[in-house]
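Beneath this line is the structure, given in structure tokens, with notes to follow.
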Amino acid sequence: MQKSIFIEDIRSGKYDGEVVDLKGWITRTRGSNKIRFIVLRDSTGRIQCVAKRDVVGDAVFENLKAALIETSIELRGIVNVDDRSDGGYELVIQSANVIGEVNPESPFPITESAMANSDGGETEFLLDHRHLYLRTSRMTQMLKIRSSVFGAIHRYFRERDFTEYHAPNFVAGAVEGGSTLFEVPYFGRKAYLTQSWQLYAEAAMPALERLYTIAPSFRAEKSRTRRHLTEFWHAEMEIAWAGNSDVMEHGEKLVRTIAKTLLDERTEELTELNRDLDLISRYADNPYPRMRYDEAVEILQDMKVDIEWGQDLDYSKEKVLTQDFDVPHFLTHYPKIAKPFYHRPDPEDPKYVLCHDLLAPEGYGEIIGGGERTWSEAEILQRIDEEGTPRGPYEFYIDIRRYGGVPHGGFGLGVDRICSWLSGAEHIREVIPFPRDSRRVTP
RNA sequence: GCCGUGUUAGCUUAGUUGGUGGAGCGGCGGACUGUUAAUCCGCAGGUCGUGGGUUCAAAUCCCCCACACGGCGCCA
């Protein structure tokens, strides 16, 4: 039953002149009364298959004529090198067996016209039919690129002896501001969906020293932008005996490794998506400059952007700042007042914290946020109180610092954002199979 | 939370100064021996998002609502 021959095997020339059995789905069909062309699709590509009435007989020919788009089918035929076929290969059909038919009363809804004006963006109709839209070449390419990005992240950390570590998804407190928490009923109490793995990772830091995860994070933000999801995949790392610049170094190497991996594994998909491979090479090969917050504010003020020292850099400002960047840039040393309590104040000037954001070019914005943690008990209590954050939910987090605290840090990377940026997507929704935002939880 | 745009056939859409809605794709039927978004001929398919108002007459003008999409704030 298991399939052994894939379309890419045929197109790579392994079966020239041989009789093969091919299983797949019909993606396009056309022809006359005497000859029928079936474009077959599987997970590895497409190939034109030709049925001639005088070869296959009337019964098979009529079956093929009646088979609609997305019918699943088994074909037996001879692999033929023929440049009249797109891709240079075709299958000359000898026999055919329909496995799963498609009812003409409800034909496959994802038609050329359904995708006509989407421009890679996504219409309501395509989002409502996401479970079927996944079969299109664009989504298939996105999903493969996504898989390579996940693989690259795991490989990066495992090659450096990081331990994969898992935090709970039900939590009691927030990492970011409390308004963006999803509240869920929990046996008569309230719990929340996690926004980050970080606080729990810091608990294991003294045990594992180098740890990472890739896990979903949840934020109840009513954001309607091409960069936001309410459920997104978060790659996070935490490392003991490390400062801000050590953490940044890992962030830079990781992102460059991801870009390099796509060039190794997914040039075909990127090319089909019309992505400029020279850009990806640039992101893989060049170092990422580092810039202090103060410098960024000065640059923006020189550009006549309305910003005052102490303000966080929102997207409109990031966009202006990054428009001339040709590689991602780190922004470091934000004012303490713009960042949450777990960022460690700079001992050299406690107005600032030891943190960094990595900003992607081409208008994709922030893809990494990280830094050195506030690691001593005294300092964390001071920061929490300064912020007016209640201590209660963070008692365990404070307790960690009472037993041999050490300098440490980490970052969180938005995996979907990386996928979106590197694939050149119009919208972050394009790179995740079933996107969740403030207005959509279905299908 | 705020701002903007939109909702017409299964899909993508046209619809003029208000006068009972037109096309392409898809489906069905037919023609065609090499197509490749195949082509050609024909058929079916519409409470014009909901509710109200103006008018002799509303897809079209006005109001409410619903839903969607885009953008902002926030962030990965």
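Order of the sequence lines sets the chain letters (A, B, ...), proteins ahead of strands, with each chain counted from 1. Please read these numbers as outputs of a predicted model, since none were measured by experiment.
Taking the P atoms as reference points, B:rG34 lies 37 Å from B:rA9, given to the whole Å. Only the C1' atoms considered, B:rU55 is 16 Å distant from B:rU17, to the nearest whole Å. Taking atom P on both nucleotides, B:rC48 is separated from B:rU7 by 14 Å, rounded to a whole Å. B:rA37 and B:rC3 have their C1' atoms separated by 39 Å, given to the nearest Å. Rounded to a whole angstrom, the distance from the C1' atom of B:rG10 to that of B:rG46 is 12 Å. Rounded to a whole angstrom, the distance from the C1' atom of B:rG45 to that of B:rG26 is 12 Å. Comparing the P positions of B:rA68 and B:rG18 gives an interatomic distance of 32 Å, to the nearest angstrom. For the P atoms, the distance from B:rC64 to B:rG24 is 39 Å, rounded to whole Å.
Ring geometry for A:H129 against A:H131 counts as parallel: the plane angle stays under 30°, on a 0 to 90° scale with 60° as the upper cut. The aromatic rings of A:F330 and A:Y288 lie tilted to each other, with the angle between the two planes from 30° to 60°. Under the 30°/60° scheme for interplanar angles, the aromatic rings of A:F150 and A:W233 are found to stand perpendicular.
For A:P104, the listed nucleotide lying nearest its side chain is B:rC28; candidates were B:rC28, B:rG26, B:rC69. If you check B:rA37, B:rC72, B:rG34 against the side chain of A:R28, the one that comes closest is B:rA37. Residue A:E112 has its side chain nearest to B:rC25 when only B:rC74, B:rC25, B:rC28 are considered. Of the candidates B:rG34, B:rG70, B:rA76, B:rG34 carries the atom nearest the A:D82 side chain, counting heavy atoms from C-beta on. With B:rG27, B:rU33, B:rG73 as the choices, the nucleotide that has an atom nearest any side-chain atom of A:S316 turns out to be B:rG73. Distances were taken from every side-chain heavy atom of A:R226 (C-beta onward) to each of B:rG70, B:rC75, B:rA31; the shortest belongs to B:rG70.
If A:V50 and A:G414 are placed on RNA chain B by their nearest nucleotide, the residue sitting closer to the 5' end is A:V50.
For A:D312, there are no salt bridge (charged side-chain N to carboxylate O under 4.0 Å, His left out) partners at least two apart in sequence or on another chain. Under the salt bridge (charged side-chain N to carboxylate O under 4.0 Å, His left out) criterion, A:R275 pairs with A:E362, not counting sequence neighbours.
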Here RNA chain B, pairs taken as Watson-Crick or G-U under 3.5 Å and shown with ( ), [ ] when crossing and | when to another strand, reads (((((((..((((.....[..)))).(((((.......))))).....(.(((..]....))).))))))))....
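One finds a salt bridge joining A:E386 and A:R383 here, because a Lys/Arg side-chain nitrogen approaches an Asp/Glu carboxylate oxygen to under 4.0 Å. Ion pairing between a basic and an acidic side chain is recognised when a charged N comes within 4.0 Å of a carboxylate O; A:E366 and A:R417 show no such pairing. A salt bridge links A:K317 and A:D314; the closest N-O separation between the charged side-chain nitrogens and carboxylate oxygens is under 4.0 Å. Here A:R84 pairs with A:D82 in a salt bridge; the nearest charged N to carboxylate O distance falls below 4.0 Å. Comment: A:R146 engages A:D416 in a salt bridge, judged by a side-chain N to carboxylate O separation of less than 4.0 angstrom.
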Below 3.5 Å between N/O atoms, which protein atoms pair up with nucleotides 41-47 of chain B? Just atom names and distances, please.
none

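One cannot find a donor-acceptor pair under 3.5 Å joining the base of B:rG34 and the side-chain atoms of A:K34. For A:S223 against B:rG73, a side-chain N or O and a base N or O form a donor-acceptor pair under 3.5 Å. A donor N or O paired with an acceptor N or O is not found under 3.5 Å between the base of B:rC32 and the side-chain atoms of A:R30.
Contact annotation for A:L413: no contact, since no heavy-atom pair falls under 4.0 Å across all strands. Using a 4.0 Å heavy-atom criterion, one finds that A:Q48 contacts the bases of the nucleic acid, with or without backbone contacts as well. Using a 4.0 Å heavy-atom cutoff across all strands shown, A:E90 reaches at least one base atom of the nucleic acid. Within the nucleic acid shown, A:D314 comes within 4.0 Å of sugar-phosphate atoms alone, with no base atom in reach, counting heavy atoms only. Residue contacts for A:G31: at a heavy-atom cut-off of 4.0 Å it reaches a base atom on one of the strands shown. Residue contacts for A:I418: at a heavy-atom cut-off of 4.0 Å it reaches no nucleic acid atom on any strand shown.
A:S137 and A:E272 share no donor-acceptor pair across their side chains, judged by distance under 3.5 Å alone. Looking at A:H166 and A:Y200, their side chains never bring a donor and an acceptor atom within 3.5 Å of each other. A donor atom on one side chain and an acceptor atom on the other are not found under 3.5 Å apart for A:Y133 and A:R138.
Residues in residues 247-258 of chain A take part in these side chain to side chain donor-acceptor pair (under 3.5 Å) pairs, two or more places apart or across chains: A:Y156-A:H250, A:E252-A:R256.
The distance from atom NE2 of A:H228 to atom P of B:rC69 is 16 Å, rounded to the nearest whole Å. If you take CH2 of A:W233 and P of B:rC75, they are 24 Å apart, rounded to a whole angstrom. Atoms CG (A:D312) and C1' (B:rC74) sit 9 Å apart, rounded to a whole Å. Atom CZ of A:F37 is separated from atom C1' of B:rA37 by 15 Å (rounded to the nearest Å). Atom-to-atom, CG of A:D357 to C1' of B:rC75 comes out at 9 Å; the value is rounded to the nearest Å. With rounding to whole Å, A:I258 atom CD1 is found 16 Å from B:rA76 atom P. Here the C1' atom of nucleotide B:rG73 and the CD1 atom of A:I307 are 14 Å apart, to the nearest Å. One interatomic measurement links the two molecules: OH of A:Y315 to P of B:rG70, which rounds to 14 Å at whole-angstrom precision.
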How does protein contact run along nucleotides 2-10 of chain B, one letter per nucleotide 5' to 3', with B for base contact, S for sugar-phosphate only, - for none, heavy atoms under 4.0 Å? ---------
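Contact check, A:H427 against B:rG70: a side-chain N or O comes under 4.0 Å of OP1 or OP2. OP1 and OP2 of B:rU33 both lie 4.0 Å or more from every side-chain N or O belonging to A:N33.
For A:F341 and A:Y394, the gap between ring centers is short of 6.0 Å.
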